[in-house]
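A short write-up of the structure that comes next.
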Amino acid sequence: MTSEIQADAAASVSDRAAWPLTPSLFAFAIFYGGMVCIAGVLGNKQVALGPLAVEAGIFAFLMLVVTSSAVAELHGRSVANKLVLWGFVPLLVSLALTLLVLAIPAAGEMDPARLSAFETIMLATPRIWLAGIVAYGISTLLNVTIFARLKGDSGSRLLWFRSAVASVLSQIVDTLLFITIAFYGVFPIADLLIGQMLAKVVLSIVMVPPLIYVMVAIGRRLDSAK
């Protein structure tokens, strides 16, 4: 019995070592889950960035990139990959709740215009849902992988370069996957692909490097205060 207790205790210590729940990881995990859920909602609006148009969900998605990269910088690639995988939980639960709410009849006193607007925003085809799930998983894991590999070559230096390169490449893959799965065969997608890639690459270069410096600094401050 004693040996079993000791084995369980050792396994528990090993699990904690593989998934260190520091203050920064706790805070970033909550933030990450919120960004996973809001990205799809924001994606219903297209915003103009000069001559280019991009879905507004990219801003939340870039925050996912920044957060997962910051976790990889502070806690390692394995922990960052687990964060990405756990991100499927709020993503799938929010999708299930959306389907449930859409299936429940609206109250009779609800304004028909508001109901129509809600259904327009929240109702998407299964193909678009599938595209979002596949693109999220592959591109965010790719971002962590590239970021961690580059860190192996440069140590803790060149954080701005590592974050920008990982974000740009993962955003290109995300765009290819999402638009191809969601819209291939529905209409010509070449112009949409080019426009989305250009916009996302520019945003990745402009937004991600400064934001990741801020996120890493916040994480170090949180962990040093524990």
Practice prompt. Start with the C-alpha gap between Leu83 and Val79, add the side-chain angles, then the distance that decides, and say whether side-chain contact (heavy atoms from CB on, under 4.5 Å) holds.
Written response: CA-CA 6 Å; Leu83 178 69; Val79 175; 5.8 Å; no
Once you round to the nearest 0.5 Å, how far does [atom1] of [X] lie from [atom2] of [Y]?
X: Thr175; Y: Ile58; atom1: OG1; atom2: CD1; result: 7.0 Å
X: Phe178; Y: Glu55; atom1: CZ; atom2: CD; result: 6.5 Å
X: Lys200; Y: Ile205; atom1: NZ; atom2: CD1; result: 14.5 Å
X: Thr22; Y: Phe28; atom1: OG1; atom2: CZ; result: 8.5 Å
X: Leu115; Y: Leu102; atom1: CG; atom2: CG; result: 9.0 Å
X: Ile179; Y: Asp174; atom1: CD1; atom2: CG; result: 8.5 Å

Atom of [X], atom of [Y] and distance for their closest heavy-atom approach:
X: Ala56; Y: Leu42; result: CB-O, 3.3 Å
X: Ile38; Y: Ala60; result: CG2-CB, 3.8 Å
X: Ser167; Y: Leu62; result: OG-CD2, 3.8 Å
X: Ser204; Y: Pro209; result: O-CD, 3.3 Å
X: Val54; Y: Ala199; result: CB-CB, 3.9 Å

Item to complete: Would you please test Val66 and Phe31 for side-chain contact (heavy atoms from CB on, under 4.5 Å) and show each step?
Response: CA-CA 11 Å; Val66 169; Phe31 181 76; over 6 Å; no
Hydrophobic clustering (ILVMFWY, side-chain heavy atoms < 4.5 Å, transitive) - are [Y] and [X] grouped together?
X: Val202; Y: Val165; answer: no
X: Ile146; Y: Leu158; answer: yes
X: Val206; Y: Leu198; answer: no

Taking the side chain as everything from C-beta on, heavy atoms only, tell me whether [X] gets closer than 4.5 Å to [Y].
X: Phe59; Y: Val47; result: yes
X: Val201; Y: Gln171; result: no
X: Leu25; Y: Tyr32; result: no
X: Arg114; Y: Glu119; result: no
X: Val89; Y: Val36; result: no
X: Leu211; Y: Met215; result: no
X: Leu141; Y: Leu85; result: yes

Worksheet entry | Sequence-distant partners of Thr140, side-chain hydrogen bond (donor to acceptor under 3.5 Å, both in side chains), two or more places apart | none
Worksheet item: Is the Tyr136-Phe88 ring centre distance short of 6.0 angstrom?
Response: yes
Between the side chain of [X] and the main-chain N/O of [Y], is any donor-acceptor distance below 3.5 Å?
X: Asp223; Y: Ser24; value: yes
X: Ser163; Y: Trp160; value: yes
X: Ser94; Y: Leu91; value: yes
X: Ser68; Y: Val65; value: yes
X: Thr180; Y: Leu176; value: yes
X: Thr67; Y: Leu64; value: no

Worksheet entry | Residues, nucleotides or ligands: over 12 heavy atoms within 6.0 Å of Asp191 CG | no
Worksheet item: Looking only at side chains, do Ser139 and Ser170 share a donor and an acceptor under 3.5 Å apart?
Response: no
Fill in: Stepwise side-chain contact (heavy atoms from CB on, under 4.5 Å) test for Ser69 and Arg162
CA-CA 9 Å; Ser69 296; Arg162 291 183 279 125; over 6 Å; no
